[in-house]
Engineer: 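What follows is a single structure, and I will ask about it in a moment.
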Amino acid sequence: MIPVPKPRMVMFSLAALTCLGQAACVCPPCAAGGAPAAGGQAAPGAPAAAPGGAAPSGGKATARLVIWDGDANNASPKPGSWASCTKTPKCVSTVAATPGAGVNGTMGIKFTSDGEDWKGFGWNWYGWYPPDSGTDLTQYKSFTFQLKVEAKSADVAPDPSGIKFTLTCSKGPEKDKPKSAEIAIGDYEKGFNDGKWHKIVIPIADLTKGKGAAFDPHTAWELDLGYYSADTRTANFYIDEIAAEP
């Protein structure tokens, strides 16, 4: 299981929060981004809609919901994040929304990692505020995101079998929010570490299996990703188009 550090909460306000690891997080209560149109992008002039908005009649979503893409579709323009690694100060682990790091050169999440042992990050599209916010995934069949992994050479690239992620929900104790089942990305997408973009598709039903039984898919609010390596590994991870799909 990924030993993901939990962000250390302070008083919720419109000011910056300090989190475990090496990155700061900011949590303003902001309006959601535009409702997704065909292809997942917000239609010009479309009304704002919070992630996990109401399903159409019948109780199931019929359209793809873009949860975060760094562009038009965001729960908060300043999402919360943390990044950490276990072999400090020799290791490197940083994450930030970065221009040009997304699909087609758009805004995306860039995670830089270097060193031995465990390295990872978390990305909370609500900025941890308000503490009971969350995206309802129960209307959807799959949780998806675009992923690209780049390394200078195969000798320093992370072992793809060790790259894993979980989702965290907001429903639960402040300092111990329940996590989903741990997902080994390679079990769902072969060859994803070839330096190209890959769409990762995870059945939402798989997130609540086993150790993910306490995870509440009604209040998903953070993606956590990390990997372990016995020796030094160096890579950049790019994530974009976090979405839920029917």
Side-chain angles (χ1 to χ4, degrees), residues 1-4 39-40 61 64-70 83 85 91-93 95 98 100-123 125 135 137 140-168 179-213 215 217 220 222-246:
M1 181 174 180
I2 303 174
V4 179
R64 176 174 180 257
L65 171 69
V66 179
I67 297 171
W68 190 95
D69 65 1
C85 49
C91 59
V92 173
S93 185
V95 66
T98 305
V103 177
N104 299 321
T106 58
M107 181 75 74
I109 301 167
K110 181 179 181 180
F111 166 54
T112 299
S113 65
D114 178 71
E116 302 175 3
D117 213 87
W118 183 85
K119 301 160 285 289
F121 77 94
W123 193 262
W125 48 86
T135 300
L137 301 179
Y140 301 91
K141 181 180 179 180
S142 302
F143 181 84
T144 71
F145 57 94
Q146 292 283 345
L147 174 66
K148 180 171 69 171
V149 183
E150 289 184 337
K152 291 182 179 180
S153 68
D155 293 339
V156 298
D159 180 348
S161 66
I163 300 172
K164 302 176 181 181
F165 92 94
T166 58
L167 291 183
T168 299
K179 291 189 172 298
S180 72
E182 185 178 72
I183 301 297
I185 295 175
D187 290 346
Y188 296 83
E189 178 71 12
K190 302 298 183 183
F192 72 91
N193 62 327
D194 60 0
K196 300 177 182 179
W197 284 105
H198 290 260
K199 184 177 181 179
I200 310 302
V201 180
I202 309 298
I204 289 171
D206 289 1
L207 298 171
T208 58
K209 293 181 177 179
K211 294 182 178 180
F215 173 75
E222 179 178 308
L223 182 154
D224 303 321
L225 184 147
Y227 68 96
Y228 172 86
S229 59
D231 50 7
T232 298
R233 298 293 174 179
T234 304
N236 290 328
F237 292 71
Y238 302 87
I239 292 177
D240 197 12
E241 298 287 343
I242 300 172
E245 301 189 14

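All residue numbers in this chain count up from 1 along the given sequence.
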Engineer: Please name all residues satisfying side-chain contact (heavy atoms from CB on, under 4.5 Å) with Ser161, sequence neighbours left out, ordered by chain then number.
Structural biologist: Asp159
Engineer: Residues two or more places apart in sequence or in another chain: which of them pass side-chain hydrogen bond (donor to acceptor under 3.5 Å, both in side chains) with Glu189?
Structural biologist: His198
Engineer: Roughly how far apart are Ile242 CD1 and Leu65 CG, rounded to 0.5 Å?
Structural biologist: 11.5 Å
Engineer: Could you check if a side-chain atom of Trp197 sits within less than 4.5 angstrom of a side-chain atom of Asp240, using non-hydrogen atoms only?
Structural biologist: yes
Engineer: Should Ile200 and Phe143 be marked as a side-chain contact (heavy atoms from CB on, under 4.5 Å) after you check the CA-CA gap, both sets of side-chain angles, and the distance that decides it?
Structural biologist: CA-CA 8 Å; Ile200 310 302; Phe143 181 84; over 6 Å; no
Engineer: Taking all non-hydrogen atoms of both residues, which atom of Ala61 and which atom of Pro246 are closest, and how far apart?
Structural biologist: O-CB, 3.4 Å
Engineer: Do any N or O atoms from the side chain of Ser93 and from the backbone of Gly120 form a donor-acceptor pair under 3.5 angstrom?
Structural biologist: yes
Engineer: Measuring from atom NZ of Lys110 to atom OH of Tyr238, what distance do you get when rounded to the nearest 0.5 angstrom?
Structural biologist: 4.0 Å
Engineer: Suppose we screen for ring pair (Phe, Tyr, Trp, His ring centres under 6.0 Å). Which residues come up paired with Phe237, at least two apart in sequence or across chains?
Structural biologist: Phe111, Tyr227
Engineer: Please round to the nearest 0.5 Å and tell me the distance separating atom CG of Leu137 and atom CD1 of Ile204.
Structural biologist: 4.5 Å
Engineer: Any pair with a residue in residues 192-203 that passes salt bridge (Lys or Arg N to Asp or Glu O under 4.0 Å), sequence neighbours left out, goes on the list, sorted by first then second residue, please.
Structural biologist: Lys199-Glu245
Engineer: Please enumerate all residues that pass side-chain hydrogen bond (donor to acceptor under 3.5 Å, both in side chains) together with Trp123, with sequence neighbours excluded.
Structural biologist: none
Engineer: Output, in order, the C-alpha distance, side-chain angles, deciding distance and verdict of salt bridge (Lys or Arg N to Asp or Glu O under 4.0 Å) for Asp117 and Lys119.
Structural biologist: CA-CA 7 Å; Asp117 213 87; Lys119 301 160 285 289; over 6 Å; no
Engineer: Here's a test for you: under side-chain contact (heavy atoms from CB on, under 4.5 Å), which of Thr112, Ile109, Asp224 qualifies with Phe121?
Structural biologist: Ile109
Engineer: Which pairs count as salt bridge (Lys or Arg N to Asp or Glu O under 4.0 Å) when at least one residue sits in residues 146-155, sequence neighbours excluded?
Structural biologist: Lys148-Glu150
Engineer: Quick one: pull up CD1 in Ile163 and OH in Tyr228 and give me the separation to the nearest 0.5 Å.
Structural biologist: 15.0 Å
Engineer: Mind checking what makes side-chain hydrogen bond (donor to acceptor under 3.5 Å, both in side chains) contact with Thr208, not counting sequence neighbours?
Structural biologist: none
Engineer: With rounding to the nearest 0.5 angstrom, report the CD1 to CG distance, Ile239 to Leu147.
Structural biologist: 5.5 Å
Engineer: Can you name the salt bridge (charged side-chain N to carboxylate O under 4.0 Å, His left out) partners of Asp187, sequence neighbours left out?
Structural biologist: none
Engineer: List the residues meeting side-chain contact (heavy atoms from CB on, under 4.5 Å) with Pro160, not counting sequence neighbours, and say none if there are none.
Structural biologist: Phe192, Asn193
Engineer: For Thr232, what residues pass the side-chain hydrogen bond (donor to acceptor under 3.5 Å, both in side chains) criterion, not counting sequence neighbours?
Structural biologist: none
Engineer: Using the rule given for side-chain contact (heavy atoms from CB on, under 4.5 Å), can you reason through Leu225 versus Ile185, listing the C-alpha separation, both sets of side-chain angles and the distance that settles it, and then say yes or no?
Structural biologist: CA-CA 10 Å; Leu225 184 147; Ile185 295 175; 3.8 Å; yes
Engineer: May I ask you to check whether Lys179 and Thr168 show a side-chain donor-acceptor distance below 3.5 Å?
Structural biologist: yes
Engineer: Holding to side-chain contact (heavy atoms from CB on, under 4.5 Å), I want the full list of residues that pass it with Ser142, two or more places apart in sequence or in another chain.
Structural biologist: Thr144, Val201
Engineer: For Ala181, which residues count as a side-chain contact (heavy atoms from CB on, under 4.5 Å) partner, sequence neighbours excluded?
Structural biologist: none
Engineer: With rounding to the nearest 0.5 Å, note down the distance linking CZ in Phe215 to CG in Leu167.
Structural biologist: 4.5 Å
Engineer: Would you mind reporting whether Phe165 and Phe145 have side-chain heavy atoms less than 4.5 Å apart?
Structural biologist: yes
Engineer: Atom CG of residue position Asn104 - does it have more than 12 heavy atoms of other residues, nucleotides or ligands inside 6.0 Å?
Structural biologist: no
Engineer: Looking at every heavy atom in both Trp125 and Ala220, which two are closest together, and how far apart are they?
Structural biologist: CZ2-O, 3.5 Å
Engineer: Does one side chain, of Thr106 or Asp69, offer a donor that lies under 3.5 Å from an acceptor on the other?
Structural biologist: no
Engineer: Please tell me whether Ser180 and Lys211 have a donor and an acceptor in their side chains that are separated by less than 3.5 angstrom.
Structural biologist: no
